[in-house]
Engineer: 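Got a structure for you, questions after.
Indexing begins at 1, ligand by ligand and atom by atom, following the structure's order. The first residue in the sequence is number 1, and the count goes up from there.
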Amino acid sequence: MAFTVEEEIKRRRTFAIISHPDAGKTTLTEKFLLYGGQINLAGSVKGKATARHAVSDWMEIEKERGISVTSSVLQFEYDGYCINILDTPGHQDFSEDTYRTLMAADSAVMVIDASKGVEAQTRKLFKVCVMRHIPIFTFINKMDRDANDTFELLDDIENELGIATVPVNWPIGSGKEFKGVYDRNTKCVRMFSDTQKGTKQGEERIVSIDDPALKEEIGQDKYDQLMEELELLDGAGAEFDQELVTAGELSPVFFGSALTNFGVETFLEHFLQMTYSPLPRKSDAGEISPFSEDFSAFVFKIQANMNKAHRDRVAFLRICSGTFDASKDYLHVQGGRKAKLSAPQQMMADERKIVDKAYAGDIIGVFDPGLYSIGDTFTSAKKPFKFEGIPTFAPEHFARVRQIDTMKRKQFMKGITQIAQEGAIQIFQEYNTGMEEIIVGVVGVLQFDVLKYRLNNEYNVEIGLENLPYEHIRWIEGDYDINKISGTSDMKKIKDLKDRPLLLFVNSWSVGMVLDRNDGLVLSEFGTN
Ligand code: G4P
């Protein structure tokens, strides 16, 4: 079907999936693809393997080191919608990139394991969603296993994350006793069956709450419990309010079991209705409408090419307005010159393909000759503008870098600066001590290994790392004089490469203490680039 540009943009939904490792993000993504008809039905396992393969194939480095450092972007079609899913890497390869991916999404889906509730990584990613005020949807997964009490799960989200919740459906039992979910809109129960694994046609049986057969099906106890819970919910729970959802202040909650394919399509359908096509983005020339005729995009991620012979990279762009046309040149605003965005590519379900057209909402990866930085804007507009910058996220692990061969200072600085420019690490120096030593900060410890490996492999520089005990970094807002700050014994003053002062702390309580001791001091967990 041919769509106009406006229709193409309107039918786009671009969202990130966030979760703690093992909550079921991969399984849920795979089931979405299944509904989109992108992977073959016979093999849901195969689908998973293929998806994983595609992700880990993206860059040679991953094969070499057996780790996945890439977050992937998948595009698929469902019911007339064109959906872009931004996957956020989890596990030990959690990095600043994971946060940055959220800058490119218009909404987020949070997957929570029903037996675990909110976990550490979800909490961190959630903070970024809140900062951006994007809608957040919750999928409480693994209902086919023994789950925590439903009200407790909701309380946990509200207390841990500080967002109100509104259950769209409500589970009846869990684990072996999982009977299905009650849909609060249609007042019907969708009966659980695990025979739908890996298929999309499986019959879902729906029974009205008023149907006497329901009591028989789920048993008197479960029925009474459901009635009681619904009464409680209607009395005390928040009501659905699209405006609050859109503002990221109310999270619609769904229950299901991704593995058995239960509740996934209902979730997808509601989600698509409750989210919007790409919204305007802020720039230094005001808001840029996605429907503007001019193409515009910003870089949210840079991926190094591990091939030593080419020090080229892939820059990932989020398109914010208009149409991307591979045959055209676009202005790289920060670089001040026109550039052809060569080898544009998109991940489609399980393959990478070269694209010649893409629309606002889409993500493309383009060849970066080493000139682009995170946050850079590209546009075809006659009057160039820059999109609002991407913040720097707080690293949580710090180490002092020791250069083993001190003769290679220049190479070392070049290497470490380039790697920092890609955004996997942040580098700092001692504040006013005259020492030239570099302190490196990372979000996930794996990045320390990546740094060591890459400096050695690509720049021929060997380094040693001495771990530092700091875990909290704070940017100083405004022009508060750092020399006047009265600190705690565990506080350290450092500066970034632009000479901006920052503070490091071992304990989070010292952050509060320093704030108490210094009137007017404002500290931030996010920095500006
Ligand atoms: P992640 O991407 O969030 O890390 O999680 P992933 O989907 O890989 O799921 C983690 C494990 O949880 C997998 O099991 C997966 O099969 C299982 N799982 C996902 N959703 C459900 C669910 O709804 N119910 C149940 N019971 N299990 C679920 P695994 O044994 O670690 O991997 P595999 O051997 O299945 O590949």
Engineer: Using a heavy-atom cut-off of under 4.0 Å, does the side chain or the backbone of Asp144 touch ligand 1, or both, or neither?
Structural biologist: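 It is the side chain that gets close, since no backbone atom is under 4.0 Å.
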
Engineer: Which ligand 1 atoms does Thr27 reach within 4.0 Å, using its non-hydrogen atoms?
Structural biologist: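 Per the distance check, 6 (P), 7 (O), 9 (O), 15 (C), 19 (C).
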
Engineer: For ligand 1, is there an N or O atom under 3.5 Å from any N or O atom of Thr260?
Structural biologist: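 Not met; the criterion fails.
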
Engineer: Below 4.0 angstrom, N of the basic side chain to O of the carboxylate: do Arg12 and Asp362 qualify?
Structural biologist: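 Yes, charged N to carboxylate O under 4.0 Å.
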
Engineer: Heavy-atom pairs closer than 4.0 Å: do any link ligand 1 to the side chain of Arg145, the backbone, both, or neither?
Structural biologist: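 Near ligand 1, Arg145 shows its side chain, while the N, CA, C and O stay back.
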
Engineer: Between Lys301 and Asp368, does any side-chain N to carboxylate O distance fall below 4.0 Å?
Structural biologist: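 Asp368 and Lys301: not salt-bridged.
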
Engineer: Is there a nitrogen or oxygen of Gly24 sitting under 3.5 Å from a nitrogen or oxygen of ligand 1?
Structural biologist: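 For ligand 1, there is an N or O atom that lies under 3.5 Å from one belonging to Gly24.
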
Engineer: Looking only at N/O atoms, are Ala258 and ligand 1 under 3.5 Å apart anywhere?
Structural biologist: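 Such a contact does occur with ligand 1.
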
Engineer: Find all atoms of ligand 1 within a distance of less than 4.0 Å from any non-hydrogen atom belonging to Pro21, and give their numbers and elements.
Structural biologist: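 With Pro21 as reference, the close atoms of ligand 1 come out as 4 (O).
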
Engineer: Would you please classify the geometry between the Phe32 ring and the Phe76 ring as parallel, tilted or perpendicular, with 30° and 60° separating the classes?
Structural biologist: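 Parallel.
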
Engineer: Quick check against the 3.5 Å criterion: does Lys31 have a side-chain atom that pairs as donor or acceptor with the backbone of Leu259?
Structural biologist: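 Present.
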
Engineer: Which of the atoms of ligand 1 are close to Lys25, meaning less than 4.0 Å from one of its heavy atoms?
Structural biologist: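 Here the atoms of ligand 1 in question are 1 (P), 2 (O), 3 (O), 5 (O), 7 (O).
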
Engineer: Which bit of Ser19 gets closer than 4.0 Å to ligand 1, counting heavy atoms only: side chain, backbone, both or neither?
Structural biologist: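 The part of Ser19 near ligand 1 is the side chain, not the backbone.
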
Engineer: Considering only heavy atoms, which of Thr26, Asp22, Ile17 lies nearest to atom 2 (O) of ligand 1?
Structural biologist: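 Checking each option, the heavy atom nearest atom 2 (O) of ligand 1 is found in Thr26.
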
Engineer: Using a strict cut-off of less than 4.0 Å between a Lys/Arg side-chain nitrogen and an Asp/Glu carboxylate oxygen, indicate whether Lys357 and Glu8 qualify as a salt bridge.
Structural biologist: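 Not counted as a salt bridge, because no side-chain N and carboxylate O are separated by less than 4.0 Å.
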
Engineer: Is it true that the side chains of Tyr78 and Glu269 contain a donor and an acceptor less than 3.5 Å apart?
Structural biologist: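 Yes, because at least one side-chain N or O of Tyr78 sits under 3.5 Å from a partner of the opposite role on Glu269.
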
Engineer: Where does the angle between the aromatic ring planes of Phe271 and Phe267 fall among parallel (under 30°), tilted (30 to 60°) and perpendicular (over 60°)?
Structural biologist: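 Judged by the thresholds at 30° and 60°, the geometry between Phe271 and Phe267 is parallel.
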
Engineer: Do the side-chain N and O atoms of Thr29 and Thr26 include a donor-acceptor pair separated by under 3.5 angstrom?
Structural biologist: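 No donor-acceptor contact under 3.5 Å links the two side chains.
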
Engineer: If you measure from each non-hydrogen atom of Leu259 to ligand 1, which part falls under 4.0 Å: side chain, backbone, both or neither?
Structural biologist: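 Looking at Leu259 and ligand 1, atoms from backbone and side chain both fall under 4.0 Å.
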
